[in-house]
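Structure first, then comments.
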Amino acid sequence: MSVLLGVDTGGTYTDAVLIRDDETVIASAKSLTTRHDLAVGVGGAVAAVLDRSGIDVADIAMASLSTTLATNALVEGQGGRVALIYIGFKERDLATHGLLEALKGDPYLVLGGGHNHAGGQAAPLDETALVAFLEDHKNDVSGFAVAAQFATRNPAHELRAAELVHSVTGRPVSSSHQLSAKLNGPKRAMTAVLNARLIGMIDRLIGRAEDKLRDLGISAPLMVVRGDGALISSKMARERPIETILSGPAASIVGARWLTKADHALVSDIGGTTTDVAVLKDGRPAIDPGGARVGPYRTMVEAVAMRTTGLGGDSEVHFISEGLKGSVTLGPRRLLPISLLAMDAPDIVLPILEAQLRAAVPGDHDGRFVRAVQGQTIEGLGPREAAVLERIGDAVHPVGHILRNRVEIGSLKRLVERGLVQIAGLTPSDASHALGLSLVWNVDAARMALILFGRRRTGAGETLAQNPDDMARMIIDQLTEQTSLAILETVFSEEDSDFGLTPEQLARHVLTRKGFDRHAGLIRFEASVNVPVIGLGASAPTYYPAVGKRLHCEMILPEHAGVANAIGAVVGRVTMRKSGTITSPSEGRYRVHLDTGPEDFGDSEQALVRLETVLRTAADGDARAAGAGDIQISVTRDVKKAAAEAREVFIEATVVVEASGRPRIAVG
């Protein structure tokens, strides 16, 4: 009987699970995620599950990987330095559509060229300016993104620009038309920028993971979970890493369905960095029609309809000084828990925390440490960032010892955003250790960090917390509150009724709060979530019972909930979708828009057949390349016509072809 290996790399833990092809879980194991080299954690988790199961590695017929790496990188603003080549658009689009914010100071070129809606050339491509730009930046970026006006109608200029990028720089290039067949150039440009930023990270992860599997004697093919829960080959994932955003969350939904057989439920997955909430309807996760949204970014990637919030067990704890009592809030940035750092460097962390506690006056950076992430690329670092990074070196330091002035706070922030350094500080994980809810890391460090944080002064001049237990409970209560809000935002966004306000406003509305508080005065308010919530993640049993109580709903915490992502990684299907468009530039003329350029036909049915044939071939080829066998193909046509003078006029048609099959299993 064949054995399937599923692996999930989360922000804190890497999980591995072995499942027989008769759907029996053999064993599962966890290993700490190693941010400097994620494959080390992958190897640790796989070695542990192999040791626990006692199976022969020759029995493993397929391995599959889901990862929150891309999701977390976008939420935390990390990734490689890239350059955008923006063809045929106006420069003001960059600010209007959020591209400048996404670029974060990375270089860009607004270039003449592009096509019109019908696929005709709007202006010649300015190759001279493009080559000059490539020569200027070929050594200070890790990759390029190319987006041209109406490239989904005619990709000629994107293809030529990509060809020049390869010949001049040799760097990877992400072309927008290869990532989405939909209109909306600025949004495709955003998707291409994020894809380019992720290529190096995902390529290193997959390559090193494959090396680790081979070192352990596993020769089975490696699959990767896509953002819609489908599986693709590791080769395809390396070329289009943007498709792996929401990979981990999508795998968790597939895993939740497999574990519970639930048809209609909410799925809430808490990790170290994010909380991901989605709805299961008729046993399937819905696909977001607007494209995957992660943190502040809306992409054109097909992915599960999921709300991802920067809230997890390792979220940064912030002090809110407003008001007499003071309070805390969590996220969206992930910190290295102080109790975990103290496991790695006890001789540094514990004495410094003790010294900070003895100080008469609290310091601005008490309880916070910094260390470099080894093995990362450093293209485009400014002199201040380079100086701070050199000062950090290979050791662990208190943040206050590294920063020499306030200007360097911004430099350190930029190093964190580039993924070059990690900040350690107080997190909900530390609060859990102090309260005895978790005992895997250093409890003494957690309690000292809580005391230091609780010394902050509120608006009334009082300390925020009298003791570490009170501080810990305040943090855990805030995690319950923010998790409940994340779930309620999803509930209101998926409701059929229109309540006249945004989901964010509804979740925080006074009447909503009173309803969940069971207000009973002259008027009674009662509210509850009307479907079960499936709680997933290693820390779900710690935090989610209180969330279920707060929302007055059934909270399902299934067995193996802590490795649901790894389970979802191996029980999914390979599914490839291809779509294309037909327009009518003039009466009796039907234009099929293909990657090879537009083709015109005199009959609409001939045009539809031609497009369907091309898409069938492409979807079937992609599915086979992604590792699928026994492929089934479905076709959907959406033909828009308008009535004019007692006859129908063809406006536009869209054809979607889906090729789906189970992964091919290697036979020993």
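Residues: numbered from 1 along the sequence shown.
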Is there a donor-acceptor pair under 3.5 Å between the side chain of [X] and the backbone N or O of [Y]?
{"X": "Ser234", "Y": "Ile206", "value": "no"}
{"X": "Ser233", "Y": "Met236", "value": "yes"}
{"X": "His397", "Y": "Ile392", "value": "yes"}
{"X": "Arg456", "Y": "Ser321", "value": "no"}
{"X": "Ser247", "Y": "Ser66", "value": "no"}
{"X": "Thr34", "Y": "Gly41", "value": "yes"}
{"X": "Arg334", "Y": "Asp314", "value": "no"}
{"X": "Arg238", "Y": "Ile199", "value": "no"}
{"X": "Thr274", "Y": "Asp276", "value": "no"}

Looking only at heavy atoms, what is the nearest atom pair of [X] and [Y], with distance?
{"X": "Val304", "Y": "Pro285", "value": "CG1-CB, 3.9 Å"}
{"X": "Leu439", "Y": "Gly436", "value": "CD2-CA, 4.1 Å"}
{"X": "Pro172", "Y": "Ser142", "value": "CD-O, 3.3 Å"}
{"X": "Ala220", "Y": "Ala63", "value": "CB-N, 4.2 Å"}
{"X": "Leu341", "Y": "Ala424", "value": "CD2-CB, 3.5 Å"}
{"X": "Gln356", "Y": "Pro398", "value": "NE2-CB, 4.5 Å"}

So do [Y] and [X] actually touch side chain to side chain, heavy atoms under 4.5 Å?
{"X": "Asp106", "Y": "Val193", "value": "no"}
{"X": "Ser432", "Y": "Ile476", "value": "yes"}
{"X": "Glu316", "Y": "Arg368", "value": "yes"}
{"X": "Met306", "Y": "Val267", "value": "no"}
{"X": "Leu65", "Y": "Leu205", "value": "yes"}
{"X": "Arg414", "Y": "Ser411", "value": "yes"}
{"X": "Leu353", "Y": "Phe369", "value": "yes"}
{"X": "Gln482", "Y": "Thr309", "value": "no"}

Could you grab the distance from atom [atom1] of [X] to atom [atom2] of [Y], nearest 0.5 Å is fine?
{"X": "Leu479", "Y": "Thr275", "atom1": "CG", "atom2": "OG1", "answer": "7.0 Å"}
{"X": "Arg391", "Y": "His401", "atom1": "CZ", "atom2": "NE2", "answer": "13.0 Å"}
{"X": "Ser315", "Y": "Leu426", "atom1": "OG", "atom2": "CG", "answer": "11.5 Å"}
{"X": "Leu222", "Y": "Met62", "atom1": "CG", "atom2": "CE", "answer": "9.0 Å"}
{"X": "Leu50", "Y": "Leu18", "atom1": "CG", "atom2": "CG", "answer": "6.0 Å"}
{"X": "Ser252", "Y": "Ile270", "atom1": "OG", "atom2": "CD1", "answer": "12.5 Å"}

Taking atom types as modelled and ignoring hydrogens, do the side chains of Thr14 and Thr33 form a donor-acceptor contact shorter than 3.5 angstrom?
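Looking only at side-chain atoms, Thr33 and Thr14 do form a donor-acceptor pair, the distance falling under 3.5 Å.
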
Look at [X] together with [Y] and state whether they make a salt bridge at an N to O cut-off of under 4.0 Å.
{"X": "Glu489", "Y": "Arg508", "value": "yes"}
{"X": "Lys212", "Y": "Asp215", "value": "no"}
{"X": "Arg307", "Y": "Glu494", "value": "no"}
{"X": "Asp470", "Y": "Arg473", "value": "yes"}

Residues which pass side-chain hydrogen bond (donor to acceptor under 3.5 Å, both in side chains) with Thr191, listed by chain and number, not counting sequence neighbours:
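With sequence neighbours excluded, Thr191 shows a side-chain hydrogen bond (donor to acceptor under 3.5 Å, both in side chains) to no residue whatsoever.
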
Applying side-chain hydrogen bond (donor to acceptor under 3.5 Å, both in side chains) to Asp477 and not counting sequence neighbours gives none

Please name all residues satisfying salt bridge (charged side-chain N to carboxylate O under 4.0 Å, His left out) with Glu239, sequence neighbours left out, ordered by chain then number.
Lys235

Once you measure the plane-to-plane angle for Tyr13 and Trp441, does it fall in the parallel (<30°), tilted (30-60°) or perpendicular (>60°) bin?
parallel

Show your working on salt bridge (Lys or Arg N to Asp or Glu O under 4.0 Å) between Arg214 and Asp211 and close with a plain yes or no.
CA-CA 5 Å; Arg214 280 195 296 270; Asp211 291 342; 2.4 Å; yes

Applying side chain to side chain donor-acceptor pair (under 3.5 Å) to Thr9 and Thr67, what does each step give before you reach the verdict?
CA-CA 5 Å; Thr9 62; Thr67 176; 2.7 Å; yes

May I ask you to check whether over 12 heavy atoms, not counting those of Arg284, lie within 6.0 Å of atom CZ?
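No, because the 6.0 Å sphere around CZ of Arg284 holds 12 heavy atoms or fewer from other groups.
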
Any chance you could lay out the side-chain contact (heavy atoms from CB on, under 4.5 Å) test for Val328 and Met471, step after step, and finish with the verdict?
CA-CA 10 Å; Val328 297; Met471 189 69 249; 3.8 Å; yes

Quick one, Thr483 with Tyr544, criterion side chain to side chain donor-acceptor pair (under 3.5 Å). Give me CA distance, side-chain angles, the key distance, then yes/no.
CA-CA 9 Å; Thr483 302; Tyr544 276 20; 5.1 Å; no

Before you tell me yes or no, could you show the steps for His433 and Val440 under side-chain contact (heavy atoms from CB on, under 4.5 Å), namely the whole-Å CA-CA distance, both residues' side-chain angles and the distance that decides it to 0.1 Å?
CA-CA 8 Å; His433 279 74; Val440 294; 3.6 Å; yes

Verdict with supporting geometry, His560 and Val17, side-chain contact (heavy atoms from CB on, under 4.5 Å):
CA-CA 9 Å; His560 307 301; Val17 65; over 6 Å; no

Quick one: do Val570 and Leu5 satisfy side-chain contact (heavy atoms from CB on, under 4.5 Å)? Show the steps, please.
CA-CA 7 Å; Val570 288; Leu5 168 65; 5.6 Å; no

